[in-house]
Amino acid sequence: EQVLAAESVARLSAQGRAALYDALAELYLVSGRSRDQLAAAEQATREALLAQDAHLLSQARMCRGTALLLLGRLTEAASVLEEAIPAIEQAGDLRDLASALNNLALVYQARGAFDQYQQAVERAWMAALQLGDPALLAVMGCNRGDASYLTGAWDVARAHYERAAEVLRSVGPSWAAPYPVL
């Protein structure tokens, strides 16, 4: 954070500042500092707009939407994520797309909009499938299980959870290992 207070930040291009604030927002995300994440993502958004960098703008918006979700500001989170997703799709960034769709699905779930939740989960699953990352596939498979569970399709839910666990067994230890168990 002290680095950001230095004069050297002002000498960076708008694109450089956008990337810097986006990275800071991501660091705040993993450290659980959602309010700081939101402030950094908002600054990254402003800088990306100045730089006219569509990729950085979509990343900053996704990070902003995630922060709003974590802060319980669901209406704002949905709006920001819904705006970011088409740009992420256009950029072809499958990992960010899966993440943005997953976060949007969580907004829908929290609102009780289970049909929208299931649609967003399926779109996130398709992005993860194209990416081919086993850990991400397992997490998204569990989300498919959650969507099935919430709509009363318990046998389908169980099958999704079991497939997710099987995928993870084939790759060994992973950050995603707790998801099927939970």
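Counting begins at 1 with the first residue of the sequence.
- Residues E122 and Q118 bring no donor and acceptor atom of their side chains to less than 3.5 Å of each other.
- Shortest non-hydrogen contact noted between A41 and A25 is N-CB, 3.8 Å.
- Judged by distance alone, with hydrogens and angles left aside, the side-chain atoms of T66 form a donor-acceptor pair with the main-chain N or O of M62 at under 3.5 Å.
- When all heavy atoms of V167 and S170 are compared, the pair lying nearest together is O-OG, 2.6 Å.
- For the atom pair CD of Q15 and CG of L56, the computed distance is 6.0 Å after rounding to the nearest 0.5 Å.
- No path of Ile, Leu, Val, Met, Phe, Trp and Tyr side chains, each step under 4.5 Å between heavy atoms, connects L68 with L106, placing them in separate hydrophobic clusters.
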*Can R123 and L104 be said to form a side-chain contact (heavy atoms from CB on, under 4.5 Å), step by step?*
CA-CA 11 Å; R123 287 180 65 200; L104 183 59; 5.8 Å; no
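- Residues T45 and L57 form a side-chain contact, since some pair of their non-hydrogen atoms from C-beta on lies under 4.5 Å apart.
- A continuous path of hydrophobic side-chain contacts links V121 to L81 [ILVMFWY only; heavy atoms under 4.5 Å].
- No continuous path of hydrophobic side-chain contacts links V80 to L74 [ILVMFWY only; heavy atoms under 4.5 Å].
- Residues L29 and L70 form a side-chain contact, since some pair of their non-hydrogen atoms from C-beta on lies under 4.5 Å apart.
- M126 and L94 end up in the same hydrophobic cluster when Ile, Leu, Val, Met, Phe, Trp and Tyr side chains are linked at under 4.5 Å.
- Once rounded to the nearest 0.5 Å, the distance linking CZ of R17 with CG of L20 reads 10.0 Å.
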(request) Would you please test L71 and E76 for side-chain contact (heavy atoms from CB on, under 4.5 Å) and show each step? (result) CA-CA 10 Å; L71 292 168; E76 292 171 271; over 6 Å; no
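- Within the 3.5 Å criterion, the main-chain N or O of A110 finds no donor-acceptor partner in the side chain of Y117.
- Of the possible polar contacts, one joining the Q37 side chain to the C63 backbone as a donor-acceptor pair under 3.5 Å is found.
- W125 places a side-chain heavy atom less than 4.5 Å from the side chain of L137.
- The shortest heavy-atom contact between C142 and A164 is SG-CB, 3.7 Å.
- One hydrophobic cluster, built from ILVMFWY side chains closer than 4.5 Å, holds both L136 and L129.
- Between A177 and P180, the shortest heavy-atom contact is O-CD, 3.4 Å.
- Using a cut-off of 4.0 Å between Lys/Arg side-chain N and Asp/Glu carboxylate O, E83 and R64 are scored as not salt-bridged.
- To the nearest 0.5 Å, the span separating OH on Y108 from CZ on F114 amounts to 14.0 Å.
- Residue E162 places its CD atom among more than 12 non-hydrogen atoms of other residues, nucleotides or ligands, all under 6.0 Å distant.
- Two residues are said to be in side-chain contact when any heavy atoms from C-beta on lie closer than 4.5 Å; T75 and R111 meet this criterion.
- The two residues M140 and A124 have their closest heavy-atom pair at SD-CB, 3.8 Å.
- A127 and L97 get closest at one heavy-atom pair: CB-CD2, 4.0 Å.
- Atom OG1 of T151 sits about 8.5 Å away from atom CG of D115, to the nearest 0.5 Å.
- Interatomic distance, N143 CG to Y161 OH, rounded to the nearest 0.5 Å: 8.5 Å.
- The CZ atom of R46 lies 4.5 Å from the CD atom of Q43; values are rounded to the nearest 0.5 Å.
- D96 is not listed as a side-chain neighbour of S58, based on a closest heavy-atom distance of 4.5 Å or more.
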